[in-house]
Structure formats: C-alpha cells, structure tokens
Amino acid sequence: MEIQKEGEPSKRKLSLFDATMLVMGSMIGSGIFIVSADIMRNLGSGYWLIVVWIITGVMTVAAAISYGELSSMFPKAGGQYTYLKEIFGKMMGFLYGWGLFTVIQTGTIAAVAVAFGKFTAYLIPALNDAAPIFQSGSYKITWIQILAIAVILLLTYINTKGVEGGKILQNIFTGSKIVALIGLIVLGFLLVKNSFWSGNMSLGWSAFNNLKTDPSGNLLKSGWESISGMTIMGGIAAAMVGSVFSSVAWENVTFVSGEIENPRKNVVRSMVLGTTAVMILYLMVNFVYLNTLNRDSIAFALNDRVAVVASEQIFGSGVGTIVIAVLVMISTFGCVNGIVLAGARVFQSMAEDGMFFKAALKNNKNGVPEKSLWMQGIWASVLCLSGQYGNLLDMISFVIVLFYMITVFGVIYLRIKKPNVERPYKTWLYPVTPIIYLLIGAAFCVLLLIYKQQYTWPGLLIVILGVPVYFSLIKKNSRLNQI
C-alpha cells in the first residue's frame with residue numbers, strides 16, 4: 001500500500017543545513033540547563049561530572065555514525081522504525097513505534113513544552129501565582145500546563161501548513177539558541193570574578209554522593225559520603241539517565257528522510273555534524289557551571305536549575321534570571337517544533353504497514369501528514385494534563401537506549417547476513433564504532449537494572465504492553481484481507 005496524497009507529491013525541501021538544524025534543535029531542550037545538578041549529587045566531583053558528559057557524548061556520536069549506514073540503505077521516511085522493521089521484522093518495528101507514540105515522542109513533546117511554560121513563569125510571575133484551574137487532591141491543572149498545550153497545538157498547526165514553515169521556524173530558533181549558548185559559554189569565563197574551577201577539580205577522581213532527604217522529601221545539603229568501586233558505577237549509571245535523555249532525539253532527522261535532499265548522504269552528515277556540535281556545546285556549558293559555582297551550588301540549585309544560578313553569577317541576580325528564562329524559552333520552543341515536525345512521519349509509515357490508524361496515511365494539500373500530526377499533538381496535550389510525563393520520561397531513558405542498541409546491533413547483523421547489499425555510506429571505523437556504543441549501552445542498562453530499577457521496569461512494561469496490541473492488529477488485518 002502506498003501513502004495516499006491529496007496534493008502533489010512533496011519535493012525534497014530540507015537541505016543538509018536544515019537537517020543539521022533539525023538534529024541540533026531536537027536535541028537541545030531544557031535538559032542541559034537542569035540535569036547537571038542530579039549528576040553532581042550522584043558523584044560529587046567536577047571530574048566525574050565531565051566524565052559523565054564525555055561518556056554520553058561518545059555514545060551519542062558513535063550511535064549517529066552507526067545509524068548513518070542504515071540511513072543510506074533505507075533512505076525513506078520512518079527512520080528508526082523502518083530500520084528495525086526491515087532488519088528484525090514488523091513486530092520489532094511496531095514495538096518501537098508503540099513506545100514512540102505512547103511516551104517517547106509525545107512524552108518528550110509534553111515535558112519540553114511544560115518546561116517552556118515553567119520558564120515563561122519567570123518572566124510572567126502571574127503564571128506561577130495563579131490558582132489552579134482545577135484541583136482534586138494532589139492532581140491539578142495549572143495555567144502553565146495550558147500554555148504548554150497551546151504551544152504544542154500552535155506548532156502542530158504551523159507544521160500542517162507544509163515543511164517550509166516548520167523548517168524556517170526550526171532554523172531561526174535553533175540558530176538563536178546556538179548563538180545564545182556560545183555567548184553564555186564565553187561570558188561564563190570572561191565576566192565571573194570568583195572562579196570555583198580549582199575547587200571543583202581539586203577532588204580529582206574521588207567520588208561522593210548526597211541523595212539524602214528529610215521526612216518531607218527535601219534534599220539535605222550536608223553530609224557528602226565517599227563512594228568507590230561498584231557504587232561509583234551505579235552512580236554513573238544513575239547520573240547518565242539525565243545526560244542521556246538530554247542527548248536523544250537526534251534520530252528524529254531519520255524520520256523525515258523522505259523530505260531531505262540526497263538522503264543517502266545528507267542524513268548521516270547531519271547526524272554526525274549535529275550530534276558532535278551539540279555534545280561539544282554541552283561539555284562547554286558544564287565547564288561554565290564548574291567555573292561559576294561550587295559543588296553545593298551545582299548539586300542543590302533551586303529546582304535543579306543550575307543554569308539560572310550560574311547566570312545570576314555571570315550577569316547579576318535580576319538580569320541573570322531573565323537571560324536564562326529567555327534562552328530556555330527559545331530552546332524549548334525550537335525543540336518542540338523539531339520533534340513535532342519529525343514524529344508524525346513515523347506514525348504515517350506505521351499506518352502504511354497497517355500498524356497505526358488509517359487516517360494517518362494521507363498527506364494534506366501541503367504535502368504533510370496532517371492527521372498524523374494532530375494525533376501526535378492531541379496525545380502529547382493529554383500527557384501535559386496527566387502530570388505523569390516527567391516520571392515516565394525518567395523511566396524511559398532505559399528503553400530509548402535499549403532500542404538504540406538494537407538498531408546499532410542491526411548494522412553488525414546486516415553486515416553478516418547481507419554482506420553484498422549496497423551501502424552508499426559505511427560506518428566509520430566499523431566494527432569498533434558500533435561495538436563501543438553496544439558496550440557502553442549494555443553497561444548503562446545492566447547497572448540501571450541492578451542499582452536503579454525504578455528507571456527500568458516501568459519503561460519495559462510500556463513496551464511489553466505493545467505485544468498484545470501488535471497481535472490484535474495482525475489478527476484484525478488478517479480478517480480484513482480475507483474479506
């Protein structure tokens with residue numbers, strides 16, 4: 001079955017630059033401004049903070065390089081869903097798509113949109129001070145959630161008007177946040193009067209953690225405990241939950257391969273260029289944190305907003321808060337746009353295979369899957385109202401890495417099973433690059449299973465719930481084919 005189109009088939013409208021902006025824009029959300037606090041609490045040393053980000057960077061770029069080979073072999077829309085389906089069969093593809101729709105893609109859209117709302121409240125305090133629209137026990141609906149939904153629906157609407165509008169928006173917002181991050185990095189070394197770099201690095205390879213809370217669940221700021229051996233490994237795995245989640249979504253560019261010029265070459269180029277640039281920016285931002293703040297200021301930043309505290313040290317309390325609020329608003333708005341633009345193409349590809357709602361099949365007169373976009377946007381909006389997306393995302397990093405590992409393993413599997421298939425691009429330093437990712441990914445997953453099971457089983461259960469859904473779809477499609 002071919003995807004039905006009401007308008008003329010869309011031309012390839014995304015250049016290498018556009019694709020790279022999509023990679024970078026989808027990666028840089030709110031995480032880099034927040035998660036370093038949790039990393040510091042888990043490991044307690046400037047050295048280990050940097051190590052966690054370097055490991056995450058090596059993982060991310062190694063995966064992007066490996067995905068490049070698959071993108072050149074299967075240069076059509078659907079990306080990772082298509083790779084898994086073609087290599088391991090429809091069920092594996094469906095389970096990935098199921099996880100993507102239920103929480104990975106839509107939950108990320110919801111979480112980043114709410115982050116936009118929370119940082120907007122810095123500039124408009126009335127958003128924070130306003131009484132909840134609805135409250136029942138601990139559950140409530142706030143104006144921040146409503147603003148998040150408005151952003152999701154606005155960006156969904158813009159993307160239904162064609163790739164061109166979404167592309168322009170993506171390039172403007174991604175370019176703005178790259179320039180702003182570079183400015184923050186430079187000024188973080190030029191304007192700070194008291195540097196804490198030496199103090200943060202003086203602990204060397206010694207590691208500590210401080211995850212103790214009072215009876216109300218508030219973090220206690222005293223009593224760092226020295227850790228060693230396997231406890232450090234567990235701390236690294238727990239710390240990487242945040243850094244890994246801040247570094248995903250680069251694969252979104254593979255979802256729109258069908259709309260990229262010369263996809264056999266430009267998809268891999270955009271992934272490698274984009275992921276490398278973002279991981280360098282992330283590392284440099286963490287250097288700024290270590291230069292402007294001491295260990296406790298990083299670990300116990302209010303609401304984990306390390307960037308706000310660092311910016312206050314650079315620009316002064318009033319200006320610093322505004323600077324970061326505007327930067328995060330730009331960053332999250334562009335991130336939501338990139339993820340909205342890309343995700344709907346996967347659900348359209350799934351519909352083509354009879355694995356999603358048939359309505360997602362059609363493109364509108366602008367050559368984009370409008371109904372697929374609205375399905376994604378509406379479910380992301382529901383997750384905004386649920387208030388559970390944050391917990392789900394903490395628990396889904398394990399599953400994201402698991403699917404990354406399966407896909408990267410697919411590169412090795414195809415080399416063995418189909419060595420003579422044309423590969424316009426071959427993984428650089430094969431088999432070293434995919435093996436590096438598989439080793440780090442396996443260590444991350446095993447350590448989480450041992451030490452932080454609350455981050456693993458919920459995500460696995462979401463994916464496992466897709467198994468009966470898959471078989472019911474197969475049964476339904478079989479009946480329809482017999483009619």
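Nothing here was measured: the structure is a model prediction, and the numbers come from that model. The basis for the numbers below is simple: all heavy atoms, side chains too, and nothing from hydrogens, waters or symmetry mates.
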| query | Got a second to check how far S26's OG is from I339's CD1, nearest 0.5 Å? | reply | 5.5 Å
| Quick one: ring pair (Phe, Tyr, Trp, His ring centres under 6.0 Å) partners of F88, sequence neighbours excluded? | Y413
| message | So W457 and F398, do their side chains get closer than 4.5 Å, heavy atoms only? | response | no
| said: To the nearest 0.5 Å, what is the distance between CG on L402 and OG1 on T456? | reply: 10.5 Å
| request: First locate atom OG of S176, then atom CE of M329, and finally report the distance between them rounded to the nearest 0.5 Å. | output: 12.5 Å
| remark: CE (M355) and CG (L95) are apart, to the nearest 0.5 Å, by 10.0 Å
| task | Please tell me if the side chains of V256 and L22 come closer than 4.5 Å, counting only heavy atoms from C-beta onward. | result | yes
| Aromatic centroids of F357 and F347 separated by under 6.0 Å | no
| message | Distance alone, cut at 3.5 Å: any donor-acceptor contact between the side chains of T407 and Q80? | response | yes
| note | By ring pair (Phe, Tyr, Trp, His ring centres under 6.0 Å), F119 pairs with (sequence neighbours left out) Y122
| field | Y404: which of F409, W250, Y83, Y96 passes ring pair (Phe, Tyr, Trp, His ring centres under 6.0 Å) | value | W250
| field | I280 CD1 to L181 CG distance, which is reported to the nearest 0.5 Å | value | 13.0 Å
| Y81/W98 aromatic ring centres below 6.0 Å | no
